[in-house]
2 protein chains.
Amino acid sequence: MQDQLKLDDFICFAVYTASHAFNRVYKPLLDTLGLTYPQYLAMVALWGEDGQTVGGLGEKLFLESSTLTPLLKRLESAGYIRRERSREDERVVVLRLTDEGKRLKEKATGIPGCIAAASGRDAVDLTRLQAEIVALREALNKSVA
Amino acid sequence: MQDQLKLDDFICFAVYTASHAFNRVYKPLLDTLGLTYPQYLAMVALWGEDGQTVGGLGEKLFLESSTLTPLLKRLESAGYIRRERSREDERVVVLRLTDEGKRLKEKATGIPGCIAAASGRDAVDLTRLQAEIVALREALNKSVA
DNA sequence: CGTTAAACAATCGTGCGCGATATAAATAAC
DNA sequence: GTTATTTATATCGCGCACGATTGTTTAACG
(Lines give C-alpha, C1' and ligand atoms only; values in the text may rest on other atoms or scores of the structure.)
Protein backbone atom coordinates (compact mmCIF):
# COMPACT_ATOMS: atom_id res chain seq x y z
CA MET A 1 0.00 0.00 0.00
CA GLN A 2 3.01 2.29 -0.59
CA ASP A 3 2.58 5.96 0.29
CA GLN A 4 -1.15 6.06 0.90
CA LEU A 5 -1.23 9.59 2.26
CA LYS A 6 -2.39 11.51 -0.83
CA LEU A 7 -4.62 14.43 0.04
CA ASP A 8 -6.63 14.23 -3.16
CA ASP A 9 -7.74 10.69 -2.31
CA PHE A 10 -9.20 11.63 1.06
CA ILE A 11 -12.95 11.78 0.93
CA CYS A 12 -12.88 13.94 4.05
CA PHE A 13 -10.74 16.46 2.19
CA ALA A 14 -13.17 16.44 -0.72
CA VAL A 15 -16.05 17.14 1.66
CA TYR A 16 -14.08 19.77 3.58
CA THR A 17 -13.10 21.69 0.45
CA ALA A 18 -16.55 21.28 -1.13
CA SER A 19 -18.04 22.84 1.98
CA HIS A 20 -15.76 25.86 1.57
CA ALA A 21 -16.62 26.01 -2.12
CA PHE A 22 -20.34 26.17 -1.30
CA ASN A 23 -19.63 28.97 1.13
CA ARG A 24 -17.87 30.99 -1.54
CA VAL A 25 -20.82 30.57 -3.92
CA TYR A 26 -23.31 31.53 -1.22
CA LYS A 27 -21.44 34.54 0.11
CA PRO A 28 -22.37 37.14 -2.55
CA LEU A 29 -25.99 35.91 -2.57
CA LEU A 30 -26.32 36.03 1.21
CA ASP A 31 -24.57 39.37 1.49
CA THR A 32 -27.63 40.93 -0.10
CA LEU A 33 -29.72 39.53 2.78
CA GLY A 34 -27.22 40.42 5.48
CA LEU A 35 -26.82 36.77 6.48
CA THR A 36 -23.90 34.41 6.83
CA TYR A 37 -24.30 30.82 5.68
CA PRO A 38 -24.94 29.32 9.14
CA GLN A 39 -27.36 32.15 9.86
CA TYR A 40 -29.14 31.38 6.59
CA LEU A 41 -29.47 27.73 7.64
CA ALA A 42 -31.01 28.80 10.94
CA MET A 43 -33.45 31.07 9.11
CA VAL A 44 -34.41 28.29 6.67
CA ALA A 45 -35.15 26.03 9.63
CA LEU A 46 -37.28 28.74 11.25
CA TRP A 47 -39.10 29.57 8.02
CA GLY A 48 -40.05 25.90 7.93
CA GLU A 49 -41.22 25.90 11.54
CA ASP A 50 -41.49 29.02 13.65
CA GLY A 51 -41.26 28.91 17.43
CA GLN A 52 -38.55 26.28 17.77
CA THR A 53 -36.32 26.07 20.82
CA VAL A 54 -32.56 26.56 20.82
CA GLY A 55 -32.05 22.90 21.58
CA GLY A 56 -34.43 21.75 18.87
CA LEU A 57 -32.74 23.95 16.29
CA GLY A 58 -29.35 22.65 17.39
CA GLU A 59 -30.47 19.08 16.81
CA LYS A 60 -31.60 19.91 13.29
CA LEU A 61 -28.42 21.80 12.45
CA PHE A 62 -26.07 19.49 14.39
CA LEU A 63 -24.74 22.46 16.37
CA GLU A 64 -24.08 23.06 20.06
CA SER A 65 -25.58 25.83 22.14
CA SER A 66 -22.12 27.37 22.36
CA THR A 67 -22.33 27.92 18.61
CA LEU A 68 -26.00 28.79 18.34
CA THR A 69 -26.43 31.23 21.20
CA PRO A 70 -24.13 33.94 19.79
CA LEU A 71 -25.38 33.29 16.23
CA LEU A 72 -28.99 33.70 17.36
CA LYS A 73 -28.13 36.86 19.27
CA ARG A 74 -26.74 38.29 16.05
CA LEU A 75 -29.95 37.33 14.20
CA GLU A 76 -31.89 39.00 17.00
CA SER A 77 -29.91 42.22 16.88
CA ALA A 78 -30.32 42.19 13.08
CA GLY A 79 -34.07 42.23 13.74
CA TYR A 80 -34.93 38.87 12.13
CA ILE A 81 -35.88 36.89 15.24
CA ARG A 82 -36.85 37.29 18.89
CA ARG A 83 -35.51 35.09 21.68
CA GLU A 84 -38.14 34.58 24.38
CA ARG A 85 -37.84 32.46 27.47
CA SER A 86 -40.73 30.04 27.71
CA ARG A 87 -43.28 30.65 30.47
CA GLU A 88 -44.04 26.97 31.05
CA ASP A 89 -40.37 26.01 31.32
CA GLU A 90 -38.04 28.84 32.19
CA ARG A 91 -34.98 26.87 31.03
CA VAL A 92 -36.16 26.93 27.42
CA VAL A 93 -35.63 29.78 24.94
CA VAL A 94 -38.14 29.93 22.08
CA LEU A 95 -37.16 31.49 18.74
CA ARG A 96 -39.78 33.52 16.88
CA LEU A 97 -39.50 35.19 13.50
CA THR A 98 -40.17 38.92 13.42
CA ASP A 99 -42.19 40.36 10.54
CA GLU A 100 -38.92 41.40 8.94
CA GLY A 101 -37.61 37.86 9.40
CA LYS A 102 -40.69 36.47 7.65
CA ARG A 103 -40.36 38.97 4.81
CA LEU A 104 -36.76 37.87 4.29
CA LYS A 105 -38.03 34.48 3.09
CA GLU A 106 -39.39 36.06 -0.10
CA LYS A 107 -36.06 37.71 -0.83
CA ALA A 108 -34.34 34.33 -0.45
CA THR A 109 -36.51 32.34 -2.84
CA GLY A 110 -34.07 32.60 -5.72
CA ILE A 111 -31.07 31.30 -3.86
CA PRO A 112 -31.56 27.52 -4.11
CA GLY A 113 -31.86 27.85 -7.87
CA CYS A 114 -28.60 29.80 -8.08
CA ILE A 115 -26.83 27.14 -6.06
CA ALA A 116 -28.23 24.32 -8.16
CA ALA A 117 -27.08 26.12 -11.29
CA ALA A 118 -23.59 26.63 -9.88
CA SER A 119 -23.31 22.92 -9.09
CA GLY A 120 -23.53 22.13 -12.78
CA ARG A 121 -25.84 19.13 -12.38
CA ASP A 122 -29.48 18.35 -12.97
CA ALA A 123 -31.94 18.04 -10.09
CA VAL A 124 -32.14 14.24 -10.20
CA ASP A 125 -28.40 13.86 -10.02
CA LEU A 126 -28.15 16.35 -7.15
CA THR A 127 -30.83 14.55 -5.18
CA ARG A 128 -29.04 11.23 -5.56
CA LEU A 129 -25.67 12.68 -4.54
CA GLN A 130 -27.29 14.52 -1.64
CA ALA A 131 -28.77 11.27 -0.34
CA GLU A 132 -25.39 9.55 -0.58
CA ILE A 133 -23.68 12.29 1.42
CA VAL A 134 -26.41 12.17 4.05
CA ALA A 135 -25.87 8.42 4.35
CA LEU A 136 -22.16 9.04 4.80
CA ARG A 137 -22.89 11.61 7.50
CA GLU A 138 -25.17 9.21 9.32
CA ALA A 139 -22.54 6.46 9.26
CA LEU A 140 -19.93 8.86 10.66
CA ASN A 141 -22.26 10.18 13.35
CA LYS A 142 -23.15 6.63 14.37
CA SER A 143 -19.50 5.72 14.76
CA VAL A 144 -18.86 8.44 17.34
CA ALA A 145 -22.13 8.06 19.22
CA MET B 1 -42.82 23.97 -6.50
CA GLN B 2 -44.59 24.62 -3.17
CA ASP B 3 -42.39 25.26 -0.12
CA GLN B 4 -39.03 24.30 -1.54
CA LEU B 5 -37.04 25.45 1.45
CA LYS B 6 -36.47 22.14 3.22
CA LEU B 7 -33.09 21.93 4.91
CA ASP B 8 -32.75 18.19 4.44
CA ASP B 9 -32.98 18.58 0.68
CA PHE B 10 -30.08 21.02 0.46
CA ILE B 11 -26.96 19.32 -0.82
CA CYS B 12 -24.91 22.15 0.67
CA PHE B 13 -26.35 21.31 4.08
CA ALA B 14 -25.48 17.65 3.60
CA VAL B 15 -21.90 18.61 2.75
CA TYR B 16 -21.71 21.13 5.59
CA THR B 17 -22.91 18.65 8.21
CA ALA B 18 -20.85 15.78 6.76
CA SER B 19 -17.77 17.97 7.12
CA HIS B 20 -18.55 18.47 10.81
CA ALA B 21 -19.20 14.76 11.20
CA PHE B 22 -15.75 13.97 9.79
CA ASN B 23 -14.23 16.42 12.22
CA ARG B 24 -15.88 14.67 15.14
CA VAL B 25 -14.53 11.30 14.02
CA TYR B 26 -11.05 12.71 13.49
CA LYS B 27 -10.82 14.62 16.74
CA PRO B 28 -10.01 11.78 19.16
CA LEU B 29 -7.54 10.30 16.66
CA LEU B 30 -5.75 13.58 16.04
CA ASP B 31 -5.71 14.50 19.71
CA THR B 32 -3.13 11.75 20.21
CA LEU B 33 -0.89 13.53 17.68
CA GLY B 34 -1.54 17.00 19.04
CA LEU B 35 -3.00 18.15 15.72
CA THR B 36 -6.26 19.74 14.63
CA TYR B 37 -7.86 18.58 11.39
CA PRO B 38 -6.64 21.51 9.26
CA GLN B 39 -3.18 21.10 10.79
CA TYR B 40 -3.30 17.41 9.89
CA LEU B 41 -4.14 18.29 6.29
CA ALA B 42 -1.16 20.63 6.16
CA MET B 43 1.10 17.91 7.56
CA VAL B 44 -0.21 15.36 5.03
CA ALA B 45 0.59 17.80 2.24
CA LEU B 46 4.10 18.34 3.63
CA TRP B 47 4.70 14.63 4.17
CA GLY B 48 3.92 14.22 0.49
CA GLU B 49 6.27 17.05 -0.52
CA ASP B 50 8.61 18.78 1.88
CA GLY B 51 9.81 22.32 1.28
CA GLN B 52 6.59 23.80 -0.10
CA THR B 53 5.84 27.50 0.10
CA VAL B 54 2.96 29.05 2.01
CA GLY B 55 1.29 30.03 -1.24
CA GLY B 56 1.75 26.60 -2.78
CA LEU B 57 0.28 24.91 0.26
CA GLY B 58 -2.63 27.32 0.23
CA GLU B 59 -3.42 26.40 -3.36
CA LYS B 60 -3.50 22.70 -2.51
CA LEU B 61 -5.64 23.22 0.58
CA PHE B 62 -7.79 26.01 -0.93
CA LEU B 63 -6.88 28.29 1.99
CA GLU B 64 -5.74 31.90 2.22
CA SER B 65 -2.51 33.07 3.80
CA SER B 66 -4.62 34.72 6.50
CA THR B 67 -5.72 31.23 7.54
CA LEU B 68 -2.43 29.43 6.97
CA THR B 69 0.04 31.81 8.60
CA PRO B 70 -1.26 31.41 12.16
CA LEU B 71 -1.87 27.68 11.63
CA LEU B 72 1.70 27.19 10.43
CA LYS B 73 3.05 29.21 13.33
CA ARG B 74 1.28 26.83 15.68
CA LEU B 75 2.79 23.85 13.85
CA GLU B 76 6.17 25.55 14.17
CA SER B 77 5.84 26.19 17.88
CA ALA B 78 4.70 22.56 18.27
CA GLY B 79 8.05 21.62 16.75
CA TYR B 80 6.73 19.89 13.62
CA ILE B 81 7.88 22.36 10.95
CA ARG B 82 10.25 25.27 10.39
CA ARG B 83 9.28 28.42 8.48
CA GLU B 84 12.24 29.83 6.56
CA ARG B 85 12.26 32.82 4.29
CA SER B 86 13.75 31.87 0.93
CA ARG B 87 17.17 33.34 0.09
CA GLU B 88 16.47 33.64 -3.64
CA ASP B 89 13.13 35.39 -3.14
CA GLU B 90 12.70 37.10 0.18
CA ARG B 91 8.94 37.33 -0.29
CA VAL B 92 8.56 33.55 -0.09
CA VAL B 93 8.38 31.45 3.09
CA VAL B 94 9.43 27.82 2.69
CA LEU B 95 8.02 25.15 5.02
CA ARG B 96 10.31 22.32 6.12
CA LEU B 97 9.48 19.32 8.28
CA THR B 98 11.57 18.88 11.41
CA ASP B 99 12.72 15.39 12.39
CA GLU B 100 9.85 15.27 14.84
CA GLY B 101 7.48 16.32 12.08
CA LYS B 102 8.75 13.49 9.88
CA ARG B 103 8.43 10.99 12.72
CA LEU B 104 4.80 12.02 13.21
CA LYS B 105 3.98 10.49 9.83
CA GLU B 106 4.52 7.00 11.22
CA LYS B 107 2.20 7.66 14.13
CA ALA B 108 -0.48 8.79 11.67
CA THR B 109 -0.45 5.76 9.39
CA GLY B 110 -3.46 4.13 11.04
CA ILE B 111 -5.77 7.11 10.72
CA PRO B 112 -7.02 6.74 7.12
CA GLY B 113 -8.07 3.18 7.90
CA CYS B 114 -10.03 4.31 10.95
CA ILE B 115 -11.83 6.94 8.91
CA ALA B 116 -12.65 4.51 6.14
CA ALA B 117 -14.06 2.09 8.70
CA ALA B 118 -16.18 4.82 10.29
CA SER B 119 -17.63 5.74 6.90
CA GLY B 120 -19.20 2.28 6.67
CA ARG B 121 -18.40 1.74 3.00
CA ASP B 122 -15.94 -0.28 0.99
CA ALA B 123 -12.94 1.33 -0.69
CA VAL B 124 -14.39 1.20 -4.20
CA ASP B 125 -17.57 2.93 -3.15
CA LEU B 126 -15.64 5.60 -1.23
CA THR B 127 -13.43 6.31 -4.23
CA ARG B 128 -16.42 6.77 -6.48
CA LEU B 129 -18.21 9.07 -4.04
CA GLN B 130 -14.99 10.99 -3.43
CA ALA B 131 -14.62 11.63 -7.16
CA GLU B 132 -18.21 12.84 -7.40
CA ILE B 133 -17.72 15.31 -4.57
CA VAL B 134 -14.50 16.58 -6.13
CA ALA B 135 -16.38 17.13 -9.39
CA LEU B 136 -19.02 19.07 -7.46
CA ARG B 137 -16.31 21.19 -5.81
CA GLU B 138 -14.73 21.94 -9.18
CA ALA B 139 -18.06 23.00 -10.65
CA LEU B 140 -18.67 25.33 -7.70
CA ASN B 141 -15.18 26.78 -7.82
CA LYS B 142 -15.52 27.39 -11.54
CA SER B 143 -18.77 29.28 -11.03
CA VAL B 144 -17.16 31.85 -8.71
CA ALA B 145 -13.89 32.21 -10.61
C1' DC C 1 18.33 53.42 -14.41
C1' DG C 2 14.09 54.81 -11.80
C1' DT C 3 9.31 54.47 -11.47
C1' DT C 4 5.40 51.54 -11.48
C1' DA C 5 3.14 47.29 -11.09
C1' DA C 6 2.77 42.69 -9.40
C1' DA C 7 3.59 38.93 -6.05
C1' DC C 8 3.86 37.16 -1.45
C1' DA C 9 3.18 36.76 3.27
C1' DA C 10 1.47 38.81 7.45
C1' DT C 11 -1.96 41.42 10.26
C1' DC C 12 -6.55 42.75 11.73
C1' DG C 13 -11.50 42.26 12.53
C1' DT C 14 -15.67 39.33 12.30
C1' DG C 15 -18.01 35.05 12.67
C1' DC C 16 -18.29 30.33 13.29
C1' DG C 17 -17.60 25.62 15.94
C1' DC C 18 -16.46 23.04 19.78
C1' DG C 19 -15.18 21.35 24.57
C1' DA C 20 -15.33 22.55 29.22
C1' DT C 21 -17.61 24.90 32.55
C1' DA C 22 -21.27 27.65 34.77
C1' DT C 23 -25.93 28.77 36.07
C1' DA C 24 -30.45 28.16 36.78
C1' DA C 25 -34.74 25.72 36.49
C1' DA C 26 -37.23 21.42 36.62
C1' DT C 27 -37.62 16.81 38.18
C1' DA C 28 -36.50 12.71 40.91
C1' DA C 29 -35.06 10.53 45.12
C1' DC C 30 -35.30 9.84 49.68
C1' DG D 1 -39.65 18.78 51.91
C1' DT D 2 -34.95 18.91 51.40
C1' DT D 3 -31.31 17.13 48.59
C1' DA D 4 -29.49 15.23 44.34
C1' DT D 5 -29.75 14.70 39.51
C1' DT D 6 -30.97 15.99 35.07
C1' DT D 7 -32.07 19.34 31.50
C1' DA D 8 -31.56 23.76 28.88
C1' DT D 9 -29.08 27.54 27.78
C1' DA D 10 -25.13 30.63 28.29
C1' DT D 11 -20.10 31.83 28.86
C1' DC D 12 -15.22 31.30 27.94
C1' DG D 13 -11.04 30.08 25.48
C1' DC D 14 -8.98 28.24 21.37
C1' DG D 15 -8.54 27.51 16.54
C1' DC D 16 -10.02 28.01 12.03
C1' DA D 17 -11.65 30.80 7.64
C1' DC D 18 -12.13 34.79 5.13
C1' DG D 19 -11.99 39.71 3.24
C1' DA D 20 -9.49 43.84 3.43
C1' DT D 21 -5.30 46.03 4.18
C1' DT D 22 -0.31 46.59 4.81
C1' DG D 23 4.58 46.12 3.95
C1' DT D 24 8.25 44.21 1.63
C1' DT D 25 10.47 42.28 -2.29
C1' DT D 26 10.74 41.35 -7.10
C1' DA D 27 9.68 42.12 -11.89
C1' DA D 28 8.38 45.13 -15.74
C1' DC D 29 8.98 48.89 -18.51
C1' DG D 30 9.88 53.32 -20.45
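Throughout, protein chains are lettered first and strands after them, A, B, ... in sequence-line order, and every chain is numbered starting at 1. Because the structure is predicted, anything quoted here is derived from the model rather than measured. FYI, side chains are in, hydrogens and waters are out, and symmetry mates aren't considered; it's all heavy atoms of this structure.
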Could you check how far CG of L61(B) sits from P of dC18(D), rounded to whole Å?
10 Å
Touch check for L68(B), heavy atoms < 4.0 angstrom, all strands: base, sugar-phosphate only, or nothing?
nothing
Can you measure D31(A) atom CG to dG19(D) atom P for me and round it to whole angstrom units?
10 Å
Can you give each donor-acceptor pair under 3.5 Å made by side-chain atoms of residues 18-31 of chain A, sequence neighbours left out, with the distance rounded to 0.1 Å?
from	atom 1	to	atom 2	distance (Å)
K27(A)	NZ	D31(A)	OD1	3.2
K27(A)	NZ	D31(A)	OD2	3.0

Would you kindly give the CG-to-P distance between L71(A) and dA10(D), to the nearest whole Å?
12 Å
Most 5' of E90(A) and Y37(A) on DNA chain C, judged by nearest nucleotide:
Y37(A)
Residues at least two apart in sequence or cross-chain that pass side-chain contact (heavy atoms from CB on, under 4.5 Å) with R82(B), listed by chain then number, are E84(B), R96(B), T98(B)
Euclidean distance, atom CG of residue L57(A) to atom C1' of dA8(D) [Å, nearest integer]:
14 Å
When you look at CD of E100(A), are more than 12 heavy atoms from neighbouring residues, nucleotides or ligands closer to it than 6.0 Å?
yes
Heavy-atom nearest nucleotide on DNA chain C taken for S65(A) and for V54(B); more 5' hit belongs to V54(B)
Is there a side-chain contact (heavy atoms from CB on, under 4.5 Å) between V44(A) and F10(B)? Walk through the geometry before answering.
CA-CA 11 Å; V44(A) 170; F10(B) 285 21; 4.3 Å; yes
What distance do K102(B) atom NZ and D50(B) atom CG have between them, rounded to the nearest 0.5 Å?
6.0 Å
Expressed in angstrom and rounded to an integer, what is the separation of M43(B) atom CE from dC16(D) atom P?
13 Å
Starting at CG of L72(A) and ending at P of dA8(D), how long is that distance when rounded to a whole Å?
16 Å
How long is the line joining CG of D89(B) and C1' of dA27(D), in whole Å?
10 Å
Identify, between Y16(A) and V92(A), the residue whose nearest nucleotide on DNA chain D lies closer to the 5' end.
V92(A)
Taking atom P of dT7(D) as reference, at what distance in whole Å does atom CZ of R85(A) sit?
18 Å
Tell me whether the OP1 or OP2 atom of dC14(D) has a side-chain N or O from R74(B) closer than 4.0 Å.
no
Looking at dA10(D), I'd like to know if its phosphate oxygens (OP1 or OP2) sit under 4.0 Å from a side-chain N or O belonging to T69(A).
yes
For chain B and DNA chain C, what are the first and last nucleotides along the strand, 5' to 3', with at least one atom under 4.0 angstrom from a heavy atom of the protein chain?
dA7(C) to dC18(C)
Determine the contact category for S66(A): base if any of its heavy atoms lies under 4.0 Å from a base atom, sugar-phosphate if only primed atoms, P, OP1 or OP2 are that close, otherwise nothing.
base
If you go through the side-chain atoms of R91(A), does one of them form a donor-acceptor pair with the base of dT7(D) closer than 3.5 Å?
yes
Donor-acceptor contacts under 3.5 Å from residues 111-125 of chain A side chains, at least two apart:
from	atom 1	to	atom 2	distance (Å)
S119(A)	OG	A116(A)	O	2.6
R121(A)	NH1	D125(A)	OD2	2.8
R121(A)	NH2	E132(B)	O	3.4
D122(A)	OD1	V124(A)	N	3.1
D122(A)	OD1	D125(A)	N	2.8
D125(A)	OD1	R128(A)	NE	3.4
D125(A)	OD1	R128(A)	NH2	2.6

Can you sort out the partners of K142(B) under salt bridge (Lys or Arg N to Asp or Glu O under 4.0 Å), two or more places apart, ordered by chain and number?
none
Non-neighbouring partners of E76(A) that pass side-chain contact (heavy atoms from CB on, under 4.5 Å), sequence neighbours left out:
I81(A), R83(A)
Sorted by position of nearest nucleotide on DNA chain D, 5' first, the leading residue of R83(A) and P38(B) is R83(A)
Can a side chain N or O of K73(A) be found less than 4.0 Å away from OP1 or OP2 on dT11(D)?
yes
